[in-house]
Amino acid sequence: MCVTAVESRPAGIVGASQSPSRRPIGARVMAFVALTKPRIIELLLITTVPVMFLAQQGVPDLKLVLLTCLGGYLSAGGANALNMYIDRDIDALMDRTSQRPLVTGMVSPRECLAFGITLAVVSTLLFGLTVNWLSAWLALGALLFYVVVYTMILKRRTSQNIVWGGIAGCLPVLIGWSAVKDSMSWAPIILFLVMFFWTPPHYWPLSMKVKDDYARVGVPMLPVVASNKVVARQIVIYSWVMVAVSLLLTPLGYTGWFYTLVALLAGGFWLWEAHGLQNRAKAEVTGGKLKEMRLFHWSITYVSILFVAIAVDPFLR
């Protein structure tokens, strides 16, 4: 599905009387921080650090953890800034993105582009020179995949955008493992797949909530082009596969009883919520009664609980 370009910005939102460089310094600093999308990066780090504990089968070197987190933040922050630079036209027309720094004029497009590229270069060098080059290339690959494959190619063309574009968000688990081992193994690949199947049922409920926003700018998120019944059915399918994959770590010998118990309980509650959403969609419930955001919020809690269990499990075996 192809979509046409939209107007760059509504008049009066960007390009106020003051140029960005004349804005208050404190507000400018916070605007550049906002370009990195810190709350999203928190989630990426939650999936990175516990994998380092799993790879180490104990406490990894603290300096290595800090450098990996810093490199991961800078890399993901660069990707997010470049995403905002590319999407500044549609961000200006969507309610949920109307206060982003490029839309308000707090940061200029040229500054955003330079900022994103700088973070990409610095993060790659930081990883390569202080962690290892495997982690550096994985981080750079995640950045390029998010910016080029998802933002530039998939997002405005197909309802499967978040499915394949979500691969970028799965790579931190590989980075966490490679930072410790400087190699790959089945454990990080399994966790990569957990995050791959987690991403669509995590994001689609939010897309259901704001689908009018996406429809307004011609972005074909699945809830825009399909009914709630279809979206909910896809959420259930991905959820079952995700939970099943999450249980593979134990029979392969990477985790023990504690992780298994947590994965079963957290996964079971996830499936309860997913089927609840599907039942409400089948009953053609709409509006607030659909309660799609319950699954969205639980999805963040779920991945946090699961990865904390990954970090704790080595100490209980």
Side-chain angles (χ1 to χ4, degrees), residues 1 43 47 145-146 149-150 153-155 157-174 186-211 214-215 219-252 259-287 289-307 309-310:
M1 176 178 179
L43 187 61
T47 64
F145 198 95
Y146 182 67
V149 178
Y150 172 67
I153 299 176
L154 296 176
K155 185 173 182 178
R157 289 179 171 84
T158 172
S159 62
Q160 294 297 298
N161 47 21
I162 201 64
V163 175
W164 300 108
I167 288 176
C170 305
L171 288 173
V173 298
L174 302 185
W186 280 110
I189 293 174
I190 290 169
L191 291 172
F192 173 94
L193 292 174
V194 170
M195 295 305 298
F196 176 81
F197 291 110
W198 170 87
T199 302
H202 157 70
Y203 199 79
W204 280 334
L206 176 62
S207 299
M208 294 169 79
K209 179 73 173 179
V210 298
K211 65 180 180 181
Y214 283 119
V219 174
M221 289 294 180
L222 184 62
V224 173
V225 300
S227 67
N228 286 343
K229 293 180 183 179
V230 172
V231 177
R233 183 170 64 249
Q234 289 295 308
I235 286 173
V236 167
I237 293 172
Y238 275 89
S239 297
W240 273 99
V241 177
M242 177 198 70
V243 173
V245 172
S246 73
L247 297 172
L248 292 178
L249 286 175
T250 301
L252 291 178
Y259 169 81
T260 304
L261 178 62
V262 171
L264 283 170
L265 292 175
F269 190 76
W270 175 297
L271 293 174
W272 174 271
E273 287 290 344
H275 279 280
L277 177 60
Q278 184 183 39
N279 291 336
R280 292 189 292 274
K282 284 182 177 179
E284 298 185 352
V285 173
T286 58
K289 293 183 179 180
L290 185 60
K291 299 178 181 179
E292 66 280 335
M293 292 300 286
R294 279 177 49 172
L295 182 58
F296 172 76
H297 292 304
W298 169 248
S299 68
I300 298 172
T301 304
Y302 167 83
V303 80
S304 301
I305 292 173
L306 191 74
F307 277 82
I310 287 171

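Just the heavy atoms: all of them, side chains too, but no hydrogens, waters or symmetry mates, feed the values below.
Here the CZ atom belonging to Arg233 is positioned 12.5 Å from the CG atom belonging to Leu277, to the nearest 0.5 angstrom. Atoms NZ and CE, on Lys291 and Met208 in that order, are 14.0 Å from each other to the nearest 0.5 Å. For the atom pair OG1 of Thr301 and CD of Glu273, the computed distance is 10.5 Å after rounding to the nearest 0.5 Å. Distance check, rounded to the nearest 0.5 Å: CD1 of Ile162 to CH2 of Trp204 gives 9.0 Å. A distance of 10.5 Å separates CG of Leu295 from CD1 of Ile300, quoted to the nearest 0.5 Å. The CZ atom of Phe197 sits 10.5 Å away from the OG1 atom of Thr199 when rounded to the nearest 0.5 Å.
Nearest heavy atoms, Val262 versus Ile305: CG1-CG2, 3.5 Å. Across all non-hydrogen atoms, the minimal contact from Ala168 to Phe145 is N-CD2, 4.0 Å. When all heavy atoms of Lys229 and Ala281 are compared, the pair lying nearest together is CG-O, 3.4 Å. Closest non-hydrogen pair, Lys289 versus Arg280, comes out as O-CD, 3.4 Å. Nearest heavy atom pair, residue Val225 against residue Pro220, reads CG1-CB, 3.9 Å. A pairwise comparison of heavy atoms in Leu306 and Ser246 identifies CD2-CB, 4.5 Å as the closest pair.
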- Task: Quick one: do Tyr302 and His202 satisfy side chain to side chain contact (heavy atoms under 4.5 Å, CB included)? Show the steps, please.
- Result: CA-CA 10 Å; Tyr302 167 83; His202 157 70; over 6 Å; no
Practice item. Show your working on side chain to side chain contact (heavy atoms under 4.5 Å, CB included) between Ile167 and Phe192 and close with a plain yes or no. Key: CA-CA 8 Å; Ile167 288 176; Phe192 173 94; 3.9 Å; yes
Note to self: Applying side chain to side chain contact (heavy atoms under 4.5 Å, CB included) to Met221 and Val210, what does each step give before you reach the verdict?
What the structure shows: CA-CA 10 Å; Met221 289 294 180; Val210 298; over 6 Å; no
Can you list the steps and then say if Leu249 with Val194 is a side chain to side chain contact (heavy atoms under 4.5 Å, CB included)?
CA-CA 11 Å; Leu249 286 175; Val194 170; over 6 Å; no
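Residues Leu191 and Phe307 form a side-chain contact, since some pair of their non-hydrogen atoms from C-beta on lies under 4.5 Å apart. Put simply, the side chain of Met195 does not reach to within 4.5 Å of the side chain of Leu174, judged on heavy atoms. The closest side-chain heavy-atom distance from Lys209 to Phe296 is not below 4.5 Å.
The only member of Ile153, Val149, Leu154 that meets side-chain contact (heavy atoms from CB on, under 4.5 Å) when paired with Asn161 is Leu154. With Ser159 as reference, Leu222 is the one residue of Val230, Val219, Val224, Leu222 to meet the side-chain contact (heavy atoms from CB on, under 4.5 Å) rule.
Note: Trp240 and His275 have perpendicular aromatic rings, judged against thresholds of 30 and 60 degrees for the angle between ring planes.
Listed for the Trp198 side chain is a donor-acceptor partner under 3.5 Å among the backbone atoms of Ser299.
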